[in-house]
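First comes the structure, then the notes that go with it.
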Amino acid sequence: MADGTTGADAVLSVRGVSKSFGPVEVLHDVSLDLRAGEVHALVGENGAGKSTLTKIMSGYHPPSAGQVLLDGQPVALASGVDGERHGIVLLHQEFNLAEDLTIEESIFLGREWRRGPFLDKRRMRAHAAKLLADLHCRIPPTARIRSLSVSQKQMVEIAKATDHRARVLMMDEPTSVLTQDETDILFGLVAQLKRNGVALVFISHKLDEVKRIADRITVLRDGHLVATRPAAELGQDEIAQLMVGRPLHDLYPPKQPPAADAELLLTVHALGVPGRVFDAGFALRRGEILGFAGLIGAGRTELMEAIAGLRRREGGSVAAGAHRLAYLTEDRKAKGLLLQFPSRPNLTLSTLASFTRGPFISVPAEDAALDKAIKAFDLRIGSRDMQVGALSGGNQQKLLFAKVMETQPDIVIVDEPTRGVDIGTKQQIYHFIARLAAAGKGVIVVSSEMPELIGLCHRVLVMREGRIAGELAGESLNEEEIVRYATGLKGAA
Amino acid sequence: MSDAATTLGQTPPRPLLQRVDLRAAGPFLALVALAILGTIINSDFLEAGNLTNVVTRSAFIGMIAVGGTFVITAGGNDLSVGSMAAIVSGIMIVLMNWLAQEIGPTPWVVVIVIFAGLALGGLAGLLNGLVITLGKMEPFIVTLGFMGIYRSVLTYIANGGTLTLSGTMRTLYRPVFYDGALGIPYPVWVLAFVVALGAVVLYTTRFGRYCFAIGSNEEVARYSGIALNRVKTWTYILQGACVGVACDIYVPRLGSASSTSGLGWELEAITAVIVGGTALKGGYGRIGGSIVGALILTVIGNIMNLSSDVSVYLNGAVQGAIIIAAVFLQRGVGFKR
Amino acid sequence: MSDAATTLGQTPPRPLLQRVDLRAAGPFLALVALAILGTIINSDFLEAGNLTNVVTRSAFIGMIAVGGTFVITAGGNDLSVGSMAAIVSGIMIVLMNWLAQEIGPTPWVVVIVIFAGLALGGLAGLLNGLVITLGKMEPFIVTLGFMGIYRSVLTYIANGGTLTLSGTMRTLYRPVFYDGALGIPYPVWVLAFVVALGAVVLYTTRFGRYCFAIGSNEEVARYSGIALNRVKTWTYILQGACVGVACDIYVPRLGSASSTSGLGWELEAITAVIVGGTALKGGYGRIGGSIVGALILTVIGNIMNLSSDVSVYLNGAVQGAIIIAAVFLQRGVGFKR
Amino acid sequence: ADDMKTVIGVSIPSADHGWTGGLNYHAKVAAEDAEKRFPGLKVVVKAAADEGSQANDLEDFATVQKVNGLVVLPTNGDPLTAPIAEFKKKTGAFITVVDRGLTDKSIQDLYVAGDNPGMGRSAAAFFKAKLNGKGDIVVLRGIPTPIDTERFDAFTEGLKGTDIHVLANQFANWNRDDGFKVMQDFLTRFKHIDAVWAQDDDIAIGVLDAIKQAGRDKEMWVVGGGGMKEFIKKVMDGDAQVPTDVLYPPAMIEDAIYLTAMHFYTQAPVRGTYIVAAPVVTKDNAKEFYDPKSLY
Ligand SMILES: Nc1ncnc2c1ncn2[C@@H]1O[C@H](COP(=O)(O)OP(=O)(O)OP(=O)(O)O)[C@@H](O)[C@H]1O
Ligand SMILES: Nc1ncnc2c1ncn2[C@@H]1O[C@H](COP(=O)(O)OP(=O)(O)OP(=O)(O)O)[C@@H](O)[C@H]1O
Ligand SMILES: [Mg+2]
Ligand SMILES: [Mg+2]
């Protein structure tokens, strides 16, 4: 196998690292060097071992075999905190925040500033506010984590990680929940860190981002290091092929817009959510894929949750006739999956009624459904008894997608459906959505990935500050127009 | 194949299946250890008579703990069960005496009152459940309030004294506790039935699955379209019904109810449930464990009565120490870290 | 900070502070409502003497609830506080009588014993904490066990009877409960001091913040390098120390300790904490609320005594109903959905 | 004089077992009756779960009810001495103490005495006589409290020098259910028992059921205590299993309330100690003590 060593001037390296969870080995003999002032991208399919590798390099997991070297010397990092003490910081793929704490408390947790025996809250608050401001993120540092959207939580995590003055900063899919603008802000920050000589690791499934920011790229497949190359030598298609092991064509399925007189499945009129969404109205037709774009806090999630009846709404009306509606949440950990449970009960949780025989749950029927979902969405769940919390992020997302599709809805609202999903599976999901639409269902896609909206949707609504600011379709459906509406350069504010 | 780190998926792996099995087996092992201890202290412990006594005696707390397993698994708590047992028993006695006068002391009265007990318990549970879910209040507070209310109302009905079954009804109803079939007392049969039913409901029905889901993560359950309030209310109804059945066999034992009936049962039932391996914070429940927990508590008391080595004043200390030790033993087995 | 949208178009956050304030204000409003109720029932309620009584009386549970706020905020629970109060009081009395004999009945003995009470409480808490954290056991079970152990050991020391302060020591120690400064009884001063200290520690120190973090999400706290076991153990030590201080003013009140001293305090203390707005599952704690909770409980008892309309038998029912109503009232205010 | 308003506060333990249940009942009855009998009299009854809340009730009597007379049956004599003294200091009220003695006798104006050690002694005397000074017995006790300890110690003291062996003693919490359980286990443990001292009629009810269940009714007899009507009836009917009952009537609170009221309404000097007779009930005298309407 290839390895990612270069010998010279590595800050942090791994040599021959393997990792097993129980009897299953998920990383095999990986060797890699991270250099100061360089962005090293890790790519690979869901479950390839990217997160596991970064956890080993930062001390959260001990390797089953092999060594971690810091400045060429072997180190045994006892814990993540130990890693941080050595200047190695990991920004987790999954949030590492306590919901009841405030932003300031979270950012300083474990390393509070004090004056005498007391917390220096004023200074910490000011500092937290500054960190957030650096990220152009205007949330008060006294807001509780519980009240934040996933993207805001991610920004808090970024603020926290970058405050560590790390020598090595590893970011595990930091952009999966960020919009274009926030991603740009993050990349600005990355560039600055790079100049300061920090060694950076960047994991993402968005290959355009990888191309944009990485100096070197390492591809993992099934726990093996397939290749480490300078970014300049690799095109996106090549990366995709290395990852998946086969060439990828047609990421997006051909568009088949519905007839103009197709039946209306869902009509939303003058809907409001107190303080978040105002006077939202739109309609969805049979066979239509309708996109929703917008920046953080634009209110897309709130609007969709209100439509799905998960949130109190204020005025307005939602007419869906007798059509079944399903909603895929953007927050899979807090609202989507029971992390302590295996895949089977998670898959069937919202449709349990159709898995009962008499009063009893039919486990064989559930198992059959799981088999089908595994095939349909390329789920890699290892053992069936494995708790969902131990699945790789992308596989959790795929399971959640499968769970929602179990309801066989007529109208399906998917909020950030491909969060953390690898490119091969993305393709599968896009085609799946297109087939749904072709079969006469209506699909609403809320996404922060503009290419996804543009490539997949027949029509896109752009939200800004709780209002629908504009509608785009056909020729005018492009990134510039979306950004114009989203930032208020165009359309009613 | 691993323990998953609940939050981050980062803790080192531990074989999941194995752990779950051990976790479920822990209470049984603790019970066996206690039984061995009992036998060492006094060989009479293993006498058929004594074992029957112990199991029969565990029936009340055992049944209540079955209901408690549902409530706690779904993330709730019911402190009112002891008082509920008192008031249900009291009303059953009043009803029985009244019916005996009205329609004569026939076995039918017993049958009617047995069903009345079940219904009364269910009704009290419904009340708990509705106040908790519709009032959006902490179950601890609501059931604490009802704990006071139920007991107080019984004291009022009994005028501070004791409600007693009339002589003939006593004789008619008595066999329900004291007799048996196939050499096994009826209370044990009833207990077995309640446990079996409880296990079937918790492990094989939709409702049971929902209890786990709600206790594990209420938001996820809500987003999955589960009717939270309905499921939660049903757990309290089940809990109440279990109390009702416990009363059905409690009343014939002594034929009376007073303000001290069922005193402290809430703590015993919760303890049985937790000793049995159910997680106090919800999301993980074991019916079998709860019964074993109830047996453990009874056996501890039994052993205290069978031995004479300890000053009676230290009874409580020994019991406390044994509970801690039993749980430590089972945790030691189940949760090696 | 919280206004209008900016660069990234963040909509203004819902008035978060306001919501938190209401949640914290709820218990106070409930207390005010109760006070109004009390005044309506009997205008003597507002007499200075009565109000002083009420506050003085809340001192024991109030202080224990301060400790309980730490424990519960950090996701734990302590059922042993009542028994702990009994044993600490008992040992204090034995010690005081012994010292009075050895070094003569001087005020110094009182001072020594007051510190001894604090230390004994802290020690008992340390024991609870160590068993819970090192044994990796459910706090419910461990403290339940110690609840039995502490009380039982006291009964043993007292030989089933009562431990009583000798006459002279009684006279020397008595003023600590019955006298005061600036017209305010010492117990109220002590309570105020404990509350203030508790609030400072919980809200302004690292330790306090860690309590919130651990109660909210233990895994996150662990990954942030917080020494879980140490922080948790300290919450129990604090709880114990609070019990110790409560004993310091409890002993001079009754001058004796028996197996019934402090009976049921654990439930009262937890109730005070929860009524005060602290979350039973941890992660959110309010010192001020806990004190108000303790006051609410005392006022309810006081109101029952002020009126003579209710049958004594129904006391419990009325108290239960008022607790539920009080919490409903405050939830209604704090948590509009 | 009907413009004179007298308030008597009655503070008793709450109804947490049969005997205290009877106590509460009699207090209530006597309170209502006394109010009728003595014009202008108001009697307020408060029941407390423990010594702390009883002290609270006393404070409230002083501050808000402003009582002139107090009838108190302390949950526990020692710890309530101080609060009662405090009460006296504050109000100067007339104080009647019932059943359980205070450490400082000078506080009370009237003492209506029950005799806990006496109860143990009488029972012991009965056992000695009935067993001819020889036999194996078991003892079921109440709750670990001073009252219980006084009774038990006096009982053991009374058996000194005989061949009567107390095989075991265990707490049954003045409770029928616990009486049943403990007796079941004693029956398992001891293959021969001549008699049982259950100390309290509630416990004895459970004991009798356990003996019946084990089919050992012929083997032993049971002595309870308190004077519950069912037991007096059994004694009266000559039930071989219940040869006697030691009276400890909760109705003593009635006497205390009437006596206290009389202090305010008559010229008779009501002071000193008034001892409530606690006789042993036998088949011959049972009729005198049997009141089928009694609640206890
Ligand atoms: N704690 C754990 N216990 C058991 N298996 C685990 C654990 N953590 C990870 N795994 C397994 O290790 C493999 C690699 O997972 P990892 O999270 O590293 O993948 P990844 O490359 O980050 O994927 P994704 O792109 O979906 O985030 C997966 O099969 C996963 O199920
Ligand atoms: N009081 C509050 N303080 C701070 N943030 C809040 C508050 N209330 C709600 N929020 C969060 O602000 C977010 C607003 O945006 P929402 O998630 O609806 O937008 P979106 O367009 O879906 O964008 P994204 O999901 O990318 O953040 C909500 O998720 C909500 O959780
Ligand atoms: Mg990953
Ligand atoms: Mg969103």
Side-chain angles (χ1 to χ4, degrees), chain A residues 19-24 51-52 55 60-62 80 92-96 98 305 308-310 326-329 331-342 345-346 348-353 355-356 358-363 382-383 385-393 396 403-404 407, chain B residues 1-21 23-24 73-75 136 196-228 230-231 234 278-279 281-285:
Chain A
K19 178 69 189 174
S20 305
F21 291 111
V24 187
S51 300
T52 307
K55 284 176 192 167
Y60 285 90
H61 281 333
H92 290 275
Q93 179 173 16
E94 303 298 347
F95 295 124
N96 195 3
E305 289 183 348
L310 292 163
Y327 171 71
L328 179 131
T329 175
D331 192 351
R332 64 170 174 253
K333 253 182 72 186
K335 294 168 180 160
L337 297 172
L338 297 172
L339 300 177
Q340 282 97 331
F341 286 77
N346 267 294
T348 58
L349 191 60
S350 35
T351 46
L352 214 44
F355 293 97
T356 48
F360 305 113
I361 296 173
S362 162
V363 174
S383 150
D385 300 310
M386 188 157 111
Q387 295 180 352
V388 162
L391 294 179
S392 83
Q396 290 180 17
K403 171 186 168 185
V404 172
T407 60
Chain B
M1 269 311 255
S2 107
D3 118 55
T6 31
T7 331
L8 294 167
Q10 283 158 346
T11 29
R14 222 176 314 146
L16 176 82
L17 269 179
Q18 205 172 318
R19 196 199 62 175
V20 169
D21 276 350
R23 185 170 179 182
T73 300
K136 297 187 201 310
L197 196 69
V200 166
V201 173
L202 186 63
Y203 300 133
T204 72
T205 70
R206 207 141 51 107
F207 170 75
R209 179 79 60 84
Y210 290 162
C211 290
F212 281 94
I214 293 176
S216 179
N217 188 330
E218 220 175 286
E219 276 295 276
V220 172
R222 195 164 76 86
Y223 273 73
S224 300
I226 296 171
L228 294 186
R230 197 162 60 207
V231 174
W234 268 104
T278 296
K281 306 214 163 178
Y284 183 84

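Protein chains get the first letters and strands the later ones, always in sequence-line order, with residue 1 at the start of each. On a predicted model such as this, the values are computed, not experimentally measured, just so you know.
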Once you measure the plane-to-plane angle for Phe212(B) and Phe341(A), does it fall in the parallel (<30°), tilted (30-60°) or perpendicular (>60°) bin?
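Aromatic pair Phe212(B)/Phe341(A) classed perpendicular.
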
Once rounded to the nearest 0.5 Å, what's the spacing between atom CD1 of Ile361(A) and atom CZ of Arg209(B)?
4.0 Å

Taking atom CG of Asp331(A) and atom CD of Glu219(B), what is their separation to the nearest 0.5 Å?
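One finds 9.0 Å between CG of Asp331(A) and CD of Glu219(B).
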
Between Ala334(A) and Asn217(B), which heavy-atom pair has the shortest distance, and what is it?
O-ND2, 3.5 Å

Over all heavy atoms of both residues, which pair between Glu305(A) and Tyr223(B) is shortest? Give the atoms and the distance, please.
OE2-OH, 2.6 Å

Please determine, among Leu337(A), Asn346(A), Val404(A), Thr356(A), the option with the most heavy-atom pairs under 4.5 Å with chain B.
Leu337(A)

Test item: Leu349(A) and Ile226(B) side chains (from C-beta on) under 4.5 Å apart, heavy atoms
yes

Below 4.5 Å from any heavy atom of chain B, which atoms of [X] appear? Answer side chain, backbone, both or neither.
| X | result |
| --- | --- |
| Gln93(A) | neither |
| Thr348(A) | side chain |
| Tyr327(A) | side chain |
| Ala326(A) | neither |

For Val201(B), all residues meeting side chain to side chain contact (heavy atoms under 4.5 Å, CB included), sequence neighbours excluded:
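Per chain and number, Val201(B) pairs via side chain to side chain contact (heavy atoms under 4.5 Å, CB included) with Phe70(B), Thr205(B), Phe207(B).
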
Among all residues two or more places apart in sequence or in another chain, which pass the side chain to side chain donor-acceptor pair (under 3.5 Å) test with Ser224(B)?
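Ser224(B) satisfies side chain to side chain donor-acceptor pair (under 3.5 Å) with Lys403(A) once adjacent residues are dropped.
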
